[in-house]
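Comments concern the structure below.
Since the structure is predicted, the reported quantities are computational estimates derived from the model, not experimental observations.
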Number of protein chains: 2
Amino acid sequence: MQITSRFTIAVHSIILIAYNQDMKVTSKLIAGSTNVNPVIVRGVLSQLKEAGIVNSRQGATGITIAKPLSEITFYDVYKAVDSVKDEGLFHFHENPNPDCPVGRNIHSAMDGRLNQIQTSMENEMKQIRLSDIVGDVQSIIESEQNS
Amino acid sequence: MQITSRFTIAVHSIILIAYNQDMKVTSKLIAGSTNVNPVIVRGVLSQLKEAGIVNSRQGATGITIAKPLSEITFYDVYKAVDSVKDEGLFHFHENPNPDCPVGRNIHSAMDGRLNQIQTSMENEMKQIRLSDIVGDVQSIIESEQNS
DNA sequence: TCAAGTTGTAATATGATATATTATAAGTGT
DNA sequence: ACACTTATAATATATCATATTACAACTTGA
């Protein structure tokens, strides 16, 4: 069980837009670079737009980034793109038996710990800025050119 | 996208066995308490057995715990039960375009950070022992009885 | 103004996978 | 020997992520 590729698609998209600052980046171009269906890409972009991370106008060619990359963290993207925002990271089995002392209480006994784990992961995601990733991608590309 | 309920099923099972130390706990009893299909429960138990967390013998009634609860962490259970052990927490979109500088390099630019996040989450899971959970369940049950 | 191209979405199909179910083998213990 | 359990294979069902088809709404340049 894994976190949806929507997250990496979203990061890829933002980096692509940033890397091609001078040209108009369309959802078709992003679909080509990610190798993901254009409708899915537009769906992801739509969520990023709703979160205030990118800008776009219906009919107007090109997606742009709404704020400095140093102000966008992995967490922001993850939250923007995660469709099931309110469910936790862990999927609890649905209906433990209320007639069993353990079944009746296991959920509340575990919830705090599960949240603690999720929070720790999210805090780590808050540490990583998209400006870091652009930087890394650019150095890799430069090193490609010098060989 | 969430982490499979197999994890919480596994924890629930272990706690149930620990709570009923004196009686023989069968997979049927566990299925009843978790409200999960017996075959699934036995599959989870089978993985826990392979990881050295529980003991069982074909034909012999009852599942037992193989080592002190204080030596079993959430991480141990998570690893034991996670079917896709080698794939990471994040699902990367499959085939970014190698003809695009960003598409060609985004994966390696992100991988380190994604691992860092996963590691942070796993470290948090290593902090939590099943003895903590049994303790919490027992205090909740006791407080139920005093009301 | 109109035609080509783009964003934005709805509706549906496909594919993958987690859980449920059915069936049966193999072992235990009274 | 019989009832019960663990173990597992094979299949079905359900859910959900991604792909696809279709079309509406908008922009912009000719």
>> With rounding to the nearest 0.5 angstrom, report the CG to CD1 distance, B:N35 to B:I30.
In response: 14.0 Å
>> Tell me which residues in residues 34-44 of chain A lie within less than 4.0 Å of DNA chain C, going by non-hydrogen atoms.
In response: A:V39, A:R42
>> Is it the case that the side chains of B:S108 and B:D111 hold a donor-acceptor pair, with the cut-off being a distance below 3.5 Å and no angle test?
In response: no
>> Measure CZ/A:F92 against C1'/C:dA18 and give the value in whole Å, please.
In response: 17 Å
>> Of the listed nucleotides (D:dT18, C:dG8, D:dA7), which one gets closest to any side-chain atom of A:S5?
In response: D:dT18
>> If the cut-off is 4.0 Å, is B:S27 near the phosphate of D:dT6, judged by side-chain N/O to OP1 or OP2?
In response: yes
>> If you assign B:H91 and B:T26 each to the DNA chain D nucleotide with the nearest heavy atom, which residue ends up on the more 5' nucleotide?
In response: B:T26
> Taking only residues two or more places apart in sequence or in another chain, which ones pass ring-ring contact (aromatic ring centres under 6.0 Å, His included) with B:F90?
Replying inline: A:F7
> Can you tell me how far P of C:dG8 sits from CG of A:L48, to the nearest Å?
Replying inline: 11 Å
> Once you round it to whole Å, what is the distance between C1' of C:dA20 and CZ of B:R6?
Replying inline: 12 Å
Every protein N/O lying under 3.5 Å from an N/O of nucleotides 2-5 of chain C:
residue, atom, partner, partner atom, Å
C:dG5, N2, A:G59, O, 3.4

> Are B:I141 and B:I14 connected, step by step, through hydrophobic side chains (Ile, Leu, Val, Met, Phe, Trp, Tyr) whose heavy atoms are closer than 4.5 Å?
Replying inline: yes
> If you look at every strand shown and take non-hydrogen atoms under 4.0 Å, does B:K49 touch a base, only sugar-phosphate, or nothing?
Replying inline: sugar-phosphate
>> Using the side-chain heavy atoms of B:R57, tell me which of these nucleotides is nearest: D:dT6, C:dT28, C:dT9.
In response: C:dT28
> So what does B:L45 touch, heavy atoms closer than 4.0 Å: a base, only the sugar-phosphate, or nothing?
Replying inline: nothing
> Roughly, in whole Å, what's the span from CD1 in A:I30 to C1' in C:dT7?
Replying inline: 12 Å
> Considering only heavy atoms from C-beta outward, does the side chain of B:I128 approach that of A:I117 to under 4.5 Å?
Replying inline: yes
>> Taking atom CZ as the centre, does B:R129 end up with more than 12 heavy-atom neighbours from other residues, nucleotides or ligands that are less than 6.0 angstrom away?
In response: no
> Can you name the nearest heavy-atom pair linking A:A31 to A:V41, along with the distance?
Replying inline: CA-CG2, 3.9 Å
> For the pair made of NZ in A:K28 and C1' in D:dA19, what is the distance, rounded to whole Å?
Replying inline: 17 Å
> When you check the phosphate oxygens OP1 and OP2 of D:dA7, does a side-chain N or O of B:S56 lie under 4.0 Å from one of them?
Replying inline: yes
> Quick check: are there more than 12 heavy atoms from other residues, nucleotides or ligands sitting under 6.0 Å from NZ of A:K24?
Replying inline: no
>> If I take atom CD1 in residue B:I63 and atom C1' in nucleotide D:dC4, what distance separates them, rounded to the nearest angstrom?
In response: 13 Å
>> Rounded to whole Å, please give me the gap between CZ in A:F7 and C1' in D:dT18.
In response: 18 Å
>> Would the distance check show the side chain of A:E122 and the main-chain N or O of A:Y75 forming a donor-acceptor pair, the cut-off being under 3.5 Å?
In response: no
> Between B:I3 (CD1) and C:dA18 (C1'), how many Å, whole number?
Replying inline: 14 Å
> What residue among B:I17, B:N55, B:L16 forms side-chain contact (heavy atoms from CB on, under 4.5 Å) with B:I63?
Replying inline: B:I17
